[in-house]
Amino acid sequence: MLDWDVISHYFPFLVKGAMLTLEISVISLVLGLIFGLVAALCILSANPLLHWPGRFYVWVIRSTPLLVQLFIIYFGLPQFMVDLSPFWAGVLGLALNTGAYNAETIRGGILAVPKGQREAARSLGMSEALTMRRIILPQALRLIIPPLGNNFVILIKDTSLVSTITLVELTLTAQRLISSTFKPFEMYLMAAFLYAVLTTCASLALRQVERRTTWGHA
C-alpha cells in the first residue's frame, strides 16, 4: 500500500527538484543546438581544418558513455584549473553529449534539401553563408524538428545522471528523501511520475512547433 501521507508531505520537495531538472534540460537544449549546428556545418565543410575536428567531436562523444563524460568534466577538469560547479558541469556535459547527436540530425536535414535549391541561390549571386541561412536551413528545419524533439526527450531523462556529480535535481532529491523516510517505492514512483510529466509536456510543445513550421508545406 502506498503511504499517501508521505507522498503528500514530500511531493513539493520533488517538484522543486523537477524544476531544476527542467532548467538544466532547457539550458542544455539551447547549448546543444548551438554545438550541433556548428559541428554539422564543420562536418559539411570542404575545409579539412573544420571537417575533421567536427568529425572527431561527434565520434568521441557518440563513442563514450555520458556518465564518463560527466565525470571527466566534473572530476577531471579541475586538474587543468577549470573548476566548474555541479550545475555548470552537468549542463556542459549534457550539452556536449546532445550536441553530437544533434549534429548528425542537422547534417542529415541539410543534405536532404535538394541540391538544386543551393545551385539556384548561388546562380542569383548569393554567398555560401547567405544561401545556408536563407535557403537551406529554413527548409532543413522542417525536416529535423521531429528527431530533435526525440533528442530533447532523451536529454530530459539523461539529466538523472547529473545526480552522480552531486547536483540535487529530481533523482538525487528522491534519493535524499528516501534516506530520511525509508520509502523508496513512493519516492521513486513520484520521481518517475514527474519525469513523465516533463517529457510529455516537452513532446506536446514540440508537436506544436512542428505543426507551425510545416503549416502550408504539407
Side-chain angles (χ1 to χ4, degrees), residues 14-43 53-54 56-78 80 82-109 137 140-141 144-175 191-210 213:
L14 292 169
V15 171
K16 185 178 179 181
M19 290 298 100
L20 182 57
T21 291
L22 180 61
E23 182 180 356
I24 298 168
S25 301
V26 172
I27 297 175
S28 301
L29 168 69
V30 174
L31 293 176
L33 286 174
I34 295 172
F35 292 159
L37 178 60
V38 172
L41 294 177
C42 286
I43 292 172
F56 180 75
Y57 159 66
V58 172
W59 172 73
V60 167
I61 296 297
R62 288 166 59 96
S63 304
T64 55
L66 172 58
L67 184 60
V68 174
Q69 296 162 17
L70 289 170
F71 285 166
I72 290 174
I73 293 172
Y74 185 64
F75 297 111
L77 287 185
F80 302 95
V82 180
D83 195 357
L84 298 175
S85 67
F87 180 87
W88 287 111
V91 166
L92 180 60
L94 290 168
L96 287 172
N97 185 271
T98 195
Y101 290 92
N102 288 343
E104 290 295 279
T105 300
I106 295 171
R107 185 176 70 89
L137 287 179
L141 182 63
I144 64 179
I145 283 182
L148 286 179
N150 290 333
N151 292 348
F152 183 44
V153 170
I154 293 172
L155 170 65
I156 293 175
K157 292 184 288 187
D158 282 347
T159 58
S160 62
L161 291 175
V162 302
S163 63
T164 58
I165 58 173
T166 72
L167 184 57
V168 190
E169 41 65 70
L170 180 54
T171 298
L172 188 53
T173 300
Q175 290 173 346
F193 169 74
L194 290 172
Y195 276 118
V197 170
L198 291 176
T199 55
T200 301
C201 290
S203 298
L204 293 174
L206 289 165
R207 193 170 299 170
Q208 290 299 317
V209 174
E210 182 181 354
T213 55

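Between atom CG of residue L33 and atom OG1 of residue T105 there is a gap of 10.0 Å, rounded to the nearest 0.5 Å. S25 contributes atom OG, which lies 5.0 Å from atom CD1 of I156 (distance to the nearest 0.5 angstrom). Here the SG-CG distance, from C201 to L206, works out to 11.0 Å after rounding to the nearest 0.5 Å. The CG atom of N150 lies 12.0 Å from the CZ atom of F152; values are rounded to the nearest 0.5 Å. Here the OG atom belonging to S203 is positioned 12.0 Å from the CD atom belonging to Q208, to the nearest 0.5 angstrom. Atom CG of residue L96 and atom CG of residue L70 lie 9.5 Å apart, to the nearest 0.5 angstrom.
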Evaluate side chain to side chain contact (heavy atoms under 4.5 Å, CB included) for V58 paired with Y101, printing each intermediate quantity in order. CA-CA 7 Å; V58 172; Y101 290 92; over 6 Å; no
Show the atom names and distances, to 0.1 Å, of all donor-acceptor pairs under 3.5 Å that link a side chain in residues 83-94 to residues at least two apart or in another chain.
| from | atom 1 | to | atom 2 | distance (Å) |
| --- | --- | --- | --- | --- |
| S85 | OG | W88 | N | 3.3 |

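Side-chain N or O atoms of S160 include one that pairs as donor or acceptor with a backbone N or O of K157 at under 3.5 Å. Checking side-chain atoms of T98 against main-chain N and O of A95 turns up no donor-acceptor pair under 3.5 Å. Side-chain atoms of Q69 come within 3.5 Å of backbone atoms of T64 as a donor-acceptor pair (strictly under, hydrogens ignored). Using a distance-only test at 3.5 Å, with no hydrogens or angles considered, a donor-acceptor pair links the side chain of T21 to the main chain of L170. Although no hydrogens or angles enter the test, the distance criterion places a donor-acceptor pair under 3.5 Å between the side chain of T199 and the main chain of A196.
A side chain to side chain contact (heavy atoms under 4.5 Å, CB included) with I144 is found for one member of I106, N102, N151, L137 and no other, namely I106.
Scanning both residues, A103 and A40, for their nearest heavy atoms gives O-CB, 3.5 Å. The shortest heavy-atom contact between I73 and L77 is O-CB, 3.3 Å.
Taking the side chain as every heavy atom from C-beta outward, T166 and Y74 approach each other to under 4.5 Å. Within the 4.5 Å cutoff, the side chain of F71 has heavy atoms near those of the T164 side chain.
The residues R107 and E104 are annotated as salt-bridged, a charged nitrogen and a carboxylate oxygen being separated by less than 4.0 angstrom.
The side-chain contact (heavy atoms from CB on, under 4.5 Å) search around S163 returns E169, T171, L172, not counting sequence neighbours.
Around CZ of F193, the count of heavy atoms belonging to other residues, nucleotides or ligands within 6.0 Å does not exceed 12. Annotation: R62, atom CZ; neighbour count of heavy atoms from other residues, nucleotides and ligands within 6.0 Å is above 12.
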